[in-house]
Amino acid sequence: MASSCSLRHNVCKSSRILRIHLQKSWPNRSFALNSAADQQPAVSSPEEIVIPRKKTWSKEAVLQALASTVKRDPTASDSRFQDDPYLTPKTSSEFKLFSLSQESGRNAAKYFINTYPKYFQKDYAQPHIPCLMPETLEAQIEEASEAALIERIRMRRVKAAVDLYDQLLQAGTSVSLNVTNQLLDLICFCGDHDLARENVPEQRNEETVGWSHHKTMFKIGCLFLFFPLRENNNAERIFALLSEPNTHSYSALIRGMVKYGAYSKAFSTYTDMLNNRLKADVHTFNALITAAPEVKEKYNEKWELIVDLLKQMAEQKVKPNLLTLNAVLKALRHCGTLGKSQAFPVISEMKALSIDPSLASYNHLLAIFYKTGAPIQGQTDILQEVMNEVSGKSFTAQDPDDGICISLQRLLCIYPIQNNGLKVYIFFMSSSTDIKQLGHANRQNLVEELLTLMAREKHNQEVQESFAECALDIKKIYDTGDRGKVLLSWTAGSLSDLISVLLAAHRRQDAWEMLKLFKTHNRVPSEELLNKFLTCVKEAGEVNQAVELVQISAGFCLPETPKLIQRVQQEFELTEGPKNADELKATSKKPGLPYHLSSATN
């Protein structure tokens, strides 16, 4: 008790002393110290400083503080290859093999975690990370009931849910239409197999797959395997058992048929739906629009079917959404030249309905006008118009195809005018892939265009530093390629662009070393580059380097050497000693120079 009173006394005394010192330092302000001795609550005001008793930090505060002290090293190996950078893929075939191996490893890990969850129950992560823990695969409700069926549907156990549904019907237990529709949604999304095992290669037969004489596509890594689908699959069988299917029932079945390639059956089911005097929802129409190019052969027939579906949407008073726009644009990609004439009117009509395009919309639009792998010729103004449209805007993912565009971290475009035409180069770069990993390091035109792009304009210092690191990384490609082979050869343009990038980042010493490569590779520097270099040397006040730069120009017998000498004489102080002036005069007397050079130094 005595110790408690003594502690309280010391706290009060310390608080009073601190308050006195603070008031002496800031006499115009009042101070409130929250302590056990203060009985009155602190009332904050513009002139009042409230000192809290303690600061509560989040669990991630230390990690966030440490993360703020470091930056990404652009020259380091990708994080996936830090343990063994030798395994970094360098060609497109190696990159494809790496992607397949990576996905195979993920599937193998997922298989063992989900098959043997009891060995992975220990949770070491703080805070808890649910996605790293195995899924709960054991059902808690064992008796055959509608509640047990709902549980298996939520667990995405397709086979168990279908078996339990059949047991309930055989036992005379009715299942509500709402739960049956949920089961249809699950089957039509996953197919007749459990979603947790969809990436695991396994033997499939007629009893494990769906619609026949069509094909479904299962993704294993970057490969796509096609399996035949049988007649009277579980989705169709359960749908046929419904006495009065509603719009949700038809929608689930139609969307499942479109997903797994049963396009003709999807339209037949839609006709049955109309015959039963039911109206389709927007999701059903979106699926049918996507399937329209697959049931018609001629371009005009495909477009007429799409227009007919849009008219039926208007008749049934179904309002289109963004997915409708993207479905139409995606379908127009298969309509040849007809798609080019209809793409912009479709976008205009959708904008009139307050539907703005997403990233996927612009991606489909570019795919309509520019085919993959084909040279860009004519109508390049469309690409520029798209770039102007998306410039300065922020996008959120609203369509599954938007994720493909958002995953691209940078989109760099260059628009040089050549021969009264517009030549466009687009480089897609992400945090995990670059030119080397995609196998393009041996494409000299691509590498040189990238150097030209970086040297074209000046940016803020942080961007210039990143460009400089990238330029030095490109230099390694020129020096030695894969397995010691020289892949690229230096040109005057590539050397000039790389030096310009280094000078813009104030890497003068690195640029000076690069300047020496002109003589090594029998290339001649341009007047513009030498003047740019001399300007950087002037900013640094390096007189000796300025003289050496003039000597390099004289060594190439450039006609611009007299102008450089005049600049050095006018812009640099050469009076400190005879050395610089004598070297400058001796430069003009080198053999092979123009006869009038000596007059520039006298």
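Worth knowing before you read on, the calculation uses all heavy atoms, side chains too, and leaves out hydrogens, waters and symmetry mates.
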[Y] and [X] side chains, donor-acceptor separation under 3.5 Å:
X	Y	result
Glu60	Gln64	no
Ser358	Asp399	no
Ser500	Lys532	yes
Glu465	Gln461	yes
Thr491	Ser494	yes

As an exercise, state the distance from [atom1] of [X] to [atom2] of [Y], rounded to the nearest 0.5 Å.
X	Y	atom1	atom2	value
Gln566	Leu564	CD	CG	9.5 Å
Leu503	Ser496	CG	OG	10.5 Å
Ile347	Leu325	CD1	CG	6.0 Å
Glu449	Met454	CD	CE	12.0 Å
His334	Glu294	NE2	CD	6.0 Å
Lys516	His521	NZ	NE2	13.5 Å

With a 4.5 Å cut-off on side-chain heavy atoms, are [Y] and [X] touching?
X	Y	value
Asn321	Asn286	yes
Leu365	Tyr370	no
Arg333	Pro293	no
Trp490	Leu517	yes
Glu539	Arg508	no
Leu515	Leu549	yes
Thr324	Met350	yes
Met387	Tyr362	no

Residue pair Gln464, Asn460: steps toward the side-chain contact (heavy atoms from CB on, under 4.5 Å) verdict:
CA-CA 6 Å; Gln464 294 296 162; Asn460 58 60; over 6 Å; no
More than 12 heavy atoms of other residues, nucleotides or ligands under 6.0 Å from [atom1] of [X]: yes or no?
X	atom1	answer
Lys330	NZ	no
Phe344	CZ	yes
Glu513	CD	yes

Closest heavy-atom contact between [X] and [Y]?
X	Y	answer
Glu542	Val537	O-CG1, 3.1 Å
Val501	Ala471	CG1-CB, 4.0 Å
Thr561	Ala554	OG1-N, 3.7 Å
Ile355	Pro320	CD1-O, 3.3 Å
Leu329	Ser361	CD1-O, 3.7 Å
Cys335	Tyr299	O-CG, 3.3 Å

Applying side-chain contact (heavy atoms from CB on, under 4.5 Å) to Glu527 and Asn531, what does each step give before you reach the verdict?
CA-CA 6 Å; Glu527 177 186 3; Asn531 280 296; 3.2 Å; yes
Main-chain N/O of [Y] paired to [X] side chain as donor or acceptor, under 3.5 Å:
X	Y	answer
Asn107	Glu103	yes
Gln444	Ser489	yes
Ser104	Leu100	no

Phe467/His459 aromatic ring centres below 6.0 Å
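Yes, ring centres under 6.0 Å apart.
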Under 4.0 Å between a Lys/Arg side-chain N and an Asp/Glu carboxylate O for Lys563 and Glu560?
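Looking at Glu560 together with Lys563, the answer is no, because their closest N to O distance does not fall below 4.0 Å.
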May I have the step-by-step check of side-chain contact (heavy atoms from CB on, under 4.5 Å) for Leu502 and Met514, ending in yes or no?
CA-CA 9 Å; Leu502 294 175; Met514 291 296 303; 3.8 Å; yes
Check the pair Leu534, Phe572 against side-chain contact (heavy atoms from CB on, under 4.5 Å), reporting the backbone distance first and the verdict last.
CA-CA 11 Å; Leu534 186 59; Phe572 290 84; 3.9 Å; yes
Ring geometry between Trp512 and Phe533 (parallel below 30°, tilted from 30 to 60°, perpendicular above 60°):
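Aromatic pair Phe533/Trp512 classed perpendicular.
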